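Nothing here was measured: the structure is a model prediction, and the numbers come from that model. Numbered from 1 within each chain, the chains take letters A, B, ... in sequence-line order. Computed over heavy atoms, backbone and side chain alike; hydrogens, waters and symmetry mates excluded.
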Amino acid sequence: MNNSGWQHLSTPLIDNNPITAQMLGVCSALAVTTALDTALTMSVALIAVLSAASTIISAIRHHLPGSIRLVMQITIIAALVIVADQVLRAYAYEVSQRLSVFVGLIVTNCIVLGRAESFAMRNPVWPSFLDGLGNGLGYGLILMLVATLRELLGAGSLFGINVLPLAVNGGWFTPLGFMLLAPSAFIILGLLVWVIRARRPAQAEADEFPILSREVEARR
Amino acid sequence: MSDLSPLTWWRRFLALPNDSLSKTLGVALLVALVAATAVSVTAISLKPRQQAHVEAAREAKLAAMVATLPGLADILRETGAETLEAVLVDLQTGQIAIDTDPAGYDYLAAQSDAAQGMALVAADDGAGIGMRPDLAPVYLLRGADGLALVVLPVYGKGYQSTIRAYLALRGDLRTIAGLSIYEQGETPGLGSRITDPGWMGLWAGKTAMDAGGAVTITVVRGAGADASQVDGITGATRSSTGVANLVRFWLGPLGFGPFLARLQAGEF
């Protein structure tokens, strides 16, 4: 793989991560990260849909009429999502029941349409595939990080296997029920964004509405 | 003389300006066609596998519901019975159908096969199912002192989906021993709350029928004080009434009513 191909794949992992840098796909990141197995399944489904959608859209980009461009992209994405959902129901029934509507909601996930519109429509097939794969992996990386913390602290287990001795079984660890609720994912995501932006200041955005000090306000 | 081979035609189509009407329509049609084919092919080819999972989940639900019923472990120990006895019931007469094997009977297929059922007029069709199969499976559990439990498979229309459940009656055939909804597609978070164990638990112990065999169970708003009233779910009125309607239909004269009457009379 040449250098620019590697760039397409690696940039979305941390530097331009769809969740922590672009703040997309947060809804599903909150909903499916209570356990590692649901987070992993969701990540795999999104990676598959995103790389396939980017590849297909890039392949036909010269023939997509501008007026119905978005409709065509959504049609392709929706078809891929249904296929992914059906495959999960057939081969991972139990997990798909717990993911409920969230696999179907990949259609409305801004990451997929965002990559199609901003990258795949303007780039050849191979870079588009790598870009889709990279963004999917970046999404999956954050999901797995959040899910690891939430499952470990909320249930004392990883992938359903108990790792911390629970107080109910005579151990020392009392699960934090809060970790299983959606707000905890917000807090973990916030901390992640903070850590990443502290280490990569380039990601920090200028404050659009700064709070003025009293002296500045008095001078106005 | 123009070349009419498909390949040339295809090249000419691709060469059309993107904004032309025919290209726009053509591309839209082709994309929709390919997407629809992909979706249909996957859905149909994976159907058997998915159905097997649903079937397994249904059996697990039945086993789980039976396991949670109070006193059942004792009954099983007393009788030495491993599991429930399955019989096929002719809903028209209420007799047990002896010439069809319960194990080989596909109840799900019979529910939509006009040849194996009877069409219902809207006034009789409380469960909203359109037609009723002639034969339905019933699971019986006999203890030392007679019949201990009858489990009836019931289904009907909720707000936006078909709700399927097992309804268990105690040995007196009037008291509900438990209700377990194993399949539904109601609005997630609202109607889907009919599967909350807390709500399904409200049904246990309620009186479904009076001494004359008339169905009395209803879903009401607010705490159901009456022994045959179940508290509906706020925000899921149509789904919870749907459950009540299908329970009422299946206990009624067009459902398992005739069978239950014969069972009550001690015929089997």
More than 12 non-hydrogen atoms from neighbouring residues, nucleotides or ligands closer than 6.0 Å to CZ on F159(A), yes or no? yes
More than 12 heavy atoms of other residues, nucleotides or ligands under 6.0 Å from OH of Y182(B): yes or no? yes
Quick check against the 3.5 Å criterion: does [X] have a side-chain atom that pairs as donor or acceptor with the backbone of [Y]?
X	Y	value
Q86(A)	L46(B)	no
H63(A)	V27(B)	no
N18(B)	H62(A)	yes

If I measure from the heavy atoms of chain B, does L64(A) come under 4.5 Å with its side chain, its backbone, both, or neither? both
Structural part of V71(A) lying under 4.5 Å from a heavy atom of chain B: neither
Separation between CZ (R89(A)) and CD (Q51(B)), nearest 0.5 Å, reads 11.5 Å
Distance col, row M72(A):CE vs L30(B):CG, nearest 0.5 angstrom, shows 10.0 Å
Which bit of V41(B) is near chain A, if near means a heavy-atom gap under 4.5 Å: side chain, backbone, both or neither? neither
Answer with side chain, backbone, both or neither: which region of A57(B) has an atom nearer than 4.5 Å to a non-hydrogen atom of chain A? side chain
Quick check: closest heavy atoms across T75(A) and A35(B), and the distance to 0.1 Å? CG2-CB, 4.1 Å
Do Y91(A) and R49(B) make a side-chain contact, defined as non-hydrogen atoms from C-beta onward lying under 4.5 Å apart? yes
